[in-house]
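The first residue of the sequence shown is numbered 1, and numbering continues consecutively from there. What you see is a predicted model; the values in this text were computed from it and never measured.
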Amino acid sequence: LHPKNLVDYENTNNYISRDDGGAFVCFDFKDKSVKLESYSIQSCNGDEGGTHLKNWVIEVSEDGEHWSEVDRRENDSTLRGRNIKANFVLKNPKDAFTHRLRLRQTGNSWYYEFNHNYFGFCHIEFYGKLQEPSK
């Protein structure tokens, strides 16, 4: 389903990527800027062998071309299960505001065949500071 479902908290639809590898979901805050401190993800409703995230990074960018890694998770089993919600504190936070964030897959998910690159989850929320444009 469409990535917009990830921030529709009234809905329980899941987002599932293509099986391409290196898939990502990007969030553009347009005229606002954010300084990310942590984020929460809710896994999809699949069992332990589902498309749950296992290997990913969170990256930030001001221009959408150059990205800086602020968090990395490898072989992470936190979200391996049905409708699990977990908060992740950034391992390498930036002390600057940015307009764009993305979650990028860096390896296989927990998909039961293990050699596929699907990943899926239900919701994502970002925590930190929000900066409005100057008037």
Less than 4.5 Å apart, side chain to side chain, heavy atoms only: is that true for [X] and [Y]?
X	Y	answer
Gln42	Asn83	yes
Leu130	Lys32	yes
Leu103	Phe119	yes
Leu101	Phe29	yes
Leu53	Asp76	no
Glu59	Val70	no

Which heavy atom of [X] sits nearest to which heavy atom of [Y], and what is that distance?
X	Y	answer
Asp31	Pro133	OD2-CG, 3.4 Å
Arg73	Asp71	NE-OD2, 2.9 Å
Ser38	Val89	CB-CA, 3.8 Å
Thr51	Cys44	OG1-SG, 3.8 Å

request  = Decide whether Val57 and Val34 are clustered together by the hydrophobic rule: side chain heavy atoms of Ile, Leu, Val, Met, Phe, Trp, Tyr closer than 4.5 Å, transitively.
outcome  = no
inquiry  = Are Phe27 and Leu36 connected into the same hydrophobic cluster when the rule is that any two of I, L, V, M, F, W, Y join if their side-chain heavy atoms are below 4.5 Å apart?
reply    = yes
query = Any salt bridge between Glu37 and Lys129, counting N to O under 4.0 Å?
reply = yes
query = Under a 4.0 Å N-O cut-off, is there an ion pair linking Lys94 with Glu69?
reply = no
Is a side-chain donor or acceptor of [X] paired with a backbone partner of [Y] at a separation under 3.5 angstrom?
X	Y	answer
His52	Asp47	yes
Ser43	Gly81	yes
Lys91	Arg72	yes
Arg80	Glu48	yes
Asn55	Asn75	yes
His99	Asp63	no
Thr98	Ser61	yes

task = Sequence neighbours left out, what passes ring pair (Phe, Tyr, Trp, His ring centres under 6.0 Å) with Phe88? Give chain and number order.
result = Tyr39, Trp56
message = For a quick check under 3.5 Å, do Asn87 and Ser40 share a side-chain donor-acceptor pair by atom type?
response = yes
task = Tell me, with the steps shown, if Lys85 and Glu125 meet side chain to side chain contact (heavy atoms under 4.5 Å, CB included).
result = CA-CA 10 Å; Lys85 187 170 184 179; Glu125 293 181 76; 2.7 Å; yes
What's the separation between atom [atom1] in [X] and atom [atom2] in [Y], rounded to the nearest 0.5 Å?
X	Y	atom1	atom2	answer
Ile124	Ile41	CD1	CD1	4.5 Å
Arg82	Asn45	CZ	CG	6.0 Å
Ile58	Phe24	CD1	CZ	13.0 Å
Trp67	Cys26	CH2	SG	4.0 Å

